[in-house]
Amino acid sequence: MTTSLTLAPTPVVRRWRPRPGAIVGAVMLGTVLLLTAIVPLLPGYDPMGQDLRAALLPPLADPAHPLGTDALGRDLLSRLALASAVTLGMTVLIVIMNAVLGSILGILAGYYGGRFEAFITLVSNVTLAMPVVLLLIAICAVLRPSAGLTILVLGCTWWVGYARVTRNIAATLRRQDFVVSPLTQGADSVWVLTRHILPNVWPHTLIIAATDVATIVLITSSLEYLGLGVQPPVPSWGSMIFDGQRHLAGDPWLALLPGVVMLLAVGGVQFLSQQFTAETRGGLLRKGGMR
Amino acid sequence: MLTFIARRLALAVATVLAVVTIAFVLGRATGEPGALLLPDNATQADVEALNSALGFDRPLLVQYLDTLVGLVTGDFGDSYRLRESALGLVLERVPATIELAFWAFLIGLALALVAALTIQLSGSRVLRAIVGWAGALRQSVPDFFFALLLVLVFSVLLGALPSLGRTSYASLVLPVITLATGQFVMYLRLLDAALSEQAGQDFVRTAIAQGQRRSTVLFTRMLPNAIVPVLGMAGLNLGGLLGGTVVVEVVFAWPGLGKLLTDAVSQRDFPIVQAGLVFVALAFVIVNTAVDVLVRRIDTRTAAA
């Protein structure tokens with residue numbers, strides 16, 4: 001007589017495995033980051049220097065200018081590297097400003113409630129109901145356009161998403177035992193907020209920030225395209241595309257190259273952030289019945 | 001329901017007030033128009049005469065209240081440069097912008113609906129992956145760069161479509177494609193998420209188990225539920241669509257509101273900027289409020305929240 005033992009299937013070690021999209025994203029973003037890091041070290045790096053005798057060189061024509069030159073004979077590779085550093089730097093700063101501002105406002109509103117919460121809710125609702133991009137264009141255009149102004153204006157106005165999410169979390173946590181009990185033992189609000197609320201909130205902030213990067217890059221470069229933001233001679237993706245637009249018929253690479261770099265950066269960030277917000281959606285009305 | 005509408009209206013009024021206030025502050029932050037408008041060799045007396053003619057010598061509070069009264073009576077003053085009613089100039093440009101936004105919205109939403117339903121009916125992972133990747137790529141470039149790519153292919157290389165102006169129906173094609181693809185990606189994501197969530201519900205499984213056809217279940221049970229959140233987002237998204245239209249109008253030299261506003265901003269013609277911003281805000285708020293009330297009527301579950 002044999003005892004039949006039904007063995008559970010060998011446990012598969014659940015490893016963290018990156019989705020294919022994440023690898024593609026990392027490669028895309030990595031390319032742009034490498035570009036900004038390595039090009040300034042090259043001997044030919046000169047994003048501002050004009051050379052009208054070498055204007056509008058096509059890519060790969062001259063070893064001194066691997067990606068060619070623009071209408072003023074400025075080296076395109078150098079300008080792309082600087083533009084990427086400028087736009088990405090501005091974006092990171094803007095996202096951090098909004099994440100910090102929005103999270104602080106949201107946490108305080110959710111934790112303390114009352115009039116402050118009502119005020120923050122009103123401000124976020126009003127902001128959500130406004131054509132914000134249009135207003136940003138107006139604000140940046142009417143005041144003297146500069147990189148600093150764009151950072152300041154965008155950095156102080158795009159926080160509603162953070163505030164709404166963190167407010168909800170903080171409002172839920174406020175009633176939990178582990179938040180209430182230190183208070184009964186004499187801990188002050190600062191202790192509770194930093195030790196108990198913040199650690200539960202910041203992962204959510206991080207997720208919003210990751211998806212926000214792409215949005216902010218697109219808005220900043222739209223402003224740059226309209227001539228608001230980084231001012232010449234400092235290059236930016238948006239202004240390089242705007243300049244290249246005039247040469248679209250004869251020298252399309254002038255507009256295409258900055259666009260491709262932007263596509264690599266923004267697409268890379270998007271594919272990477274999908275790794276965090278990965279949902280598994282199966283085929284729904286598949287053959288063979290419902291999932 | 002009535003309290004909800006009342007609260008929603010109060011929010012709408014607060015929003016318009018906020019936009020008016022921002023526009024007013026911006027108008028004053030640029031300095032007095034006399035110095036900006038008159039040539040450099042104008043005398044001090046000329047500058048002051050113009051400022052007082054435009055009402056800039058009055059106390060700020062009076063000017064602000066005057067702006068608010070103008071908002072109600074529809075009087076935003078005359079354009080500094082064209083000496084015409086600013087609101088009239090704005091209204092003149094509105095049809096061109098609405099034309100772009102309307103077609104972009106309609107085509108984007110219709111294509112998204114078709115694509116989302118096809119994905120659900122076929123259950124094809126490959127199709128969803130392809131559409132997902134293409135959408136992510138589209139969302140990785142701003143409207144103005146996608147517009148340039150279209151111009152490069154269809155105007156420069158093929159010579160098939162006009163790249164500038166508003167001369168014929170053909171000139172609608174490229175700007176509308178630019179905006180509609182952006183709309184398409186967003187609505188497809190929303191619809192796919194909503195339909196996928198519906199597909200896991202018990203009532204859907206029951207209907208399938210009873211032997212109802214999958215297409216019947218999809219169209220009569222899942223779609224009506226899935227469309228509601230998309231409708232709500234569509235209202236909020238109108239602001240984004242209008243912002244995108246501004247940039248696209250600049251790329252294609254489309255004679256709409258966005259072109260008028262960006263030109264007015266660079267010429268410091270502030271009555272136009274003010275009238276334009278307030279008009280857009282009003283349109284946006286009205287649509288938003290209407291959509292909110294509509295969603296609430298359709299989906300009674302939101303009334304509980």
Side-chain angles (χ1 to χ4, degrees), chain A residues 21 24 28 122-123 125-139 141-143 214 217-219 221-223 225-228 237-238 241-242 244-245 248-249 252 255-256 258-260 262-271 274 279 281-287 289-291, chain B residues 11-12 14-15 18-19 22-23 26-27 29-30 120-125 128 133 136-137 139-145 148-149 151-152 156 192-193 195-196 199-200 204-205 208 214 217-218 236 238-240 242-244 246-247 250-251 261-262 265-266 268 270 273 277 280-281 284-285 288:
Chain A
V24 176
M28 288 166 77
L122 178 72
V123 173
N125 283 339
V126 167
T127 314
L128 276 183
M130 274 203 263
V132 178
V133 176
L134 208 59
L135 278 176
L136 287 177
I137 292 174
I139 295 174
V142 166
L143 308 176
V217 171
L218 295 187
I219 295 178
S221 52
S222 295
L223 288 173
Y225 178 82
L226 296 174
L228 318 166
W237 290 334
I241 293 174
F242 182 79
Q245 195 179 346
L248 202 58
L256 287 180
V260 169
M262 182 169 8
L263 174 74
L264 287 175
V266 179
V269 172
Q270 283 197 338
F271 287 140
Q274 273 171 12
E279 307 118 308
R281 289 193 198 123
L284 290 143
L285 295 172
R286 302 177 72 78
K287 281 182 218 127
M290 309 294 296
R291 179 165 46 100
Chain B
L11 180 65
T15 309
V19 172
I22 293 175
L26 281 180
T30 46
Q120 290 295 328
L121 277 179
S122 66
S124 161
R125 283 183 196 190
R128 174 178 281 139
W133 278 77
L137 282 180
Q139 293 211 313
S140 301
V141 293
D143 286 344
F144 65 87
F145 183 68
L148 280 190
L149 289 181
V151 168
L152 185 63
V156 177
D192 189 40
L195 284 174
S196 302
V204 172
R205 196 169 43 197
I208 300 267
R214 292 177 202 289
V217 177
L218 181 62
L236 275 182
L238 186 73
L242 286 170
V246 171
V247 183
V250 173
V251 179
L261 282 183
T262 40
V265 152
S266 60
R268 311 267 152 193
F270 223 77
V273 178
L277 281 180
V280 171
F284 185 41
V285 162
N288 246 333

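The chains referred to below are lettered A, B, ... by the order of the sequence lines, with proteins before strands, and numbering in each begins at 1. Remember, predicted model here, so these are calculated numbers, not experimental data.
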Check your understanding: What part of A:Val24 is in contact with chain B, defined as an atom under 4.5 angstrom from a non-hydrogen atom: side chain, backbone, both or neither?
Key -> side chain
Review point. Heavy atoms, side chains only, cut-off 4.5 Å: are A:Met262 and B:Ser140 in contact?
Key: no
Practice item. For B:Asp143, check side-chain hydrogen bond (donor to acceptor under 3.5 Å, both in side chains) against everything at least two apart and list the hits. Key: B:Arg138
Practice item. Please examine the side chains of A:Met28 and A:Val269, heavy atoms only from C-beta on, and report whether any two atoms are closer than 4.5 Å. Key: no
Study note, to complete from the structure: When the 4.5 angstrom heavy-atom criterion is applied to A:Ala214 and chain B, the contacting part is neither
Check your understanding: Is it the side chain or the backbone of A:Val260 that comes within 4.5 Å of chain B heavy atoms, both, or neither?
Key -> backbone
Revision key, fill the gap. Applying ring pair (Phe, Tyr, Trp, His ring centres under 6.0 Å) to B:Phe144 and not counting sequence neighbours gives A:Tyr225
Review point. Considering only heavy atoms from C-beta outward, does the side chain of B:Phe145 approach that of A:Leu263 to under 4.5 Å?
Key: no
Check your understanding: Is it the side chain or the backbone of B:Leu148 that comes within 4.5 Å of chain A heavy atoms, both, or neither?
Key -> both
Point to revise | Under 4.5 Å from a heavy atom of chain A, the part of B:Val250 involved | key: side chain
Point to revise | Winner by heavy-atom pair count (cut-off under 4.5 Å) against chain A, out of B:Val247, B:Val273, B:Val285, B:Leu152 | key: B:Leu152
Practice item. State, yes or no, whether a side-chain contact exists between B:Val217 and B:Val204 at a heavy-atom distance under 4.5 Å. Key: yes
Point to revise | Region of B:Leu277 that comes under 4.5 Å of a non-hydrogen atom in chain A | key: side chain
Check your understanding: Are the side chains of B:Gln139 and A:Leu218 in touch, meaning some heavy atoms are under 4.5 Å apart?
Key -> no
Exercise for review: Examine whether an atom of A:Leu256 lies under 4.5 Å from a heavy atom of chain B, and if so say whether it belongs to the side chain, the backbone or both; otherwise answer neither.
Suggested key: both
**Study point:** Under 4.5 Å from any heavy atom of chain B - which part of A:Leu226
**Key:** side chain
